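We use all heavy atoms of the structure for the numbers below, so side chains are in, but hydrogens, waters and symmetry mates are not. Bear in mind that the values here come from a model prediction, so they are computed numbers and not experimental data. Just follow the structure's listing: the first ligand is 1, and inside any ligand the first atom is 1.
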Amino acid sequence: MSHTNAPVQVHHVVTGRTDGHVVVLSNSLGATHRMWDANLPALEEQFRVVRYDTRGHGDSPVPPGPYSIDDLADDVVALLDQLGVERAHFVGLSLGGMTGMRLAARNPERVEGLVVLCTGAHLTPASGWHDRAATVRADGTKAVAEAVVARWFTPGFLEANPDVKASSEATVAGTPAEGYAGCCEVIAAMDLREDLPSITAPTLAIAGADDPATPPPDLEAIASAVQHGRLLVVPDSAHLANAQQPGIVTAAIIKHLRGSAS
Ligand SMILES: O=C(O)CC1=CCC(=O)O1
């Protein structure tokens, strides 16, 4: 997990309370800061909410890949520095959760409470991520959009919500190919298993019961390896548990972070 690139200034949006604890929200591969829309109103009542687009995604810069997990964590440190925030809660889903685990292990002084959703400490095989990076570099992100969104939501949810299916596929297809590929290469090279025991921030690991990408045992492994971990398995939910079950997930995030404030 070498550190190869300089931090970039990521695109971000700050909303919510001006006097509250800060919570940073970090997106999944192929998504943007908009993936938190359904969770936002309740979070904004409690916290100063900082949403950002991971490098290579949304309106953030797209340096040439590959990137490393340290690059993604360094981008968050640079963002906190830019905002003058010493210490924040961090909530990340999938790639965002990986960023949060690396940040919490390497910069424990910057992370108050941690919530990781639908993620893993080591996603194998690496060849699958290299293959996906090659596909999007050759054919664009549209080539993977339908298959990706089929993992984001359960089949029944997609059937009942064709608008969500269409807008989610458009988001993936709108992700710059080089940014998406560079982040696939983050996951290919990443192994956070040795980082977990050094994570001191109270950690809530949230799994989607029907997530085919990072199933509940991946989250259980995180919850049991960090110093203060808890697991929540959300029923009737695939990879984007925050979007498929916003009520359950937002309430769990708020309860955990309110209990983690120091
Ligand atoms: O796109 C997928 O297969 C699911 C996923 C893995 C890491 C991430 O951020 O999304």
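The protein atom (non-hydrogen) at minimum distance from atom 3 (O) of ligand 1 is R132 NH2, 2.7 Å. For atom 10 (O) of ligand 1, the closest heavy atom belonging to the protein is S94 OG, 2.9 Å. From the protein, the heavy atom lying nearest to atom 4 (C) of ligand 1 is H239 NE2, 3.5 Å.
Numbered from 1 in the order shown, with element, the atoms of ligand 1 that lie under 4.0 Å from a heavy atom of L29 read 8 (C), 9 (O), 10 (O). The atoms of ligand 1 that sit less than 4.0 Å from any heavy atom of S28 are 8 (C), 9 (O), 10 (O). If you number the atoms of ligand 1 from 1 as listed, the ones under 4.0 Å from a heavy atom of R151 come out as 1 (O), 2 (C), 3 (O). The ligand atoms of ligand 1 that sit less than 4.0 angstrom from a heavy atom of I187 are 7 (C). Close contacts between ligand 1 and L95 involve ligand atoms 8 (C), 9 (O) [criterion: under 4.0 Å to a heavy atom].
Between D37 and R51 there is a salt bridge, with a side-chain nitrogen of the basic residue lying less than 4.0 Å from a carboxylate oxygen of the acidic one. A salt bridge links D70 with R106: the distance from a Lys NZ or Arg NE/NH1/NH2 to an Asp or Glu carboxylate oxygen falls below 4.0 Å. In summary, E185 and R137 engage in a salt bridge, as defined by a charged side-chain N under 4.0 Å from a carboxylate O.
With sequence neighbours excluded, no residue forms a side-chain hydrogen bond (donor to acceptor under 3.5 Å, both in side chains) with H228. Judged as a ring-ring contact (aromatic ring centres under 6.0 Å, His included), and not counting sequence neighbours, the contacts of F153 are F157.
Aromatic ring centres of Y52 and H11 lie farther apart than the 6.0 Å criterion allows. Proximity of the aromatic rings of H89 and H21 is defined here by a centroid distance below 6.0 angstrom, and this criterion is met.
Proximity of W129 to ligand 1, defined as any heavy-atom pair under 4.0 Å, is confined to the side chain (atoms from C-beta onward). Here L93 has no heavy atoms under 4.0 Å from ligand 1, in either its backbone or its side chain.
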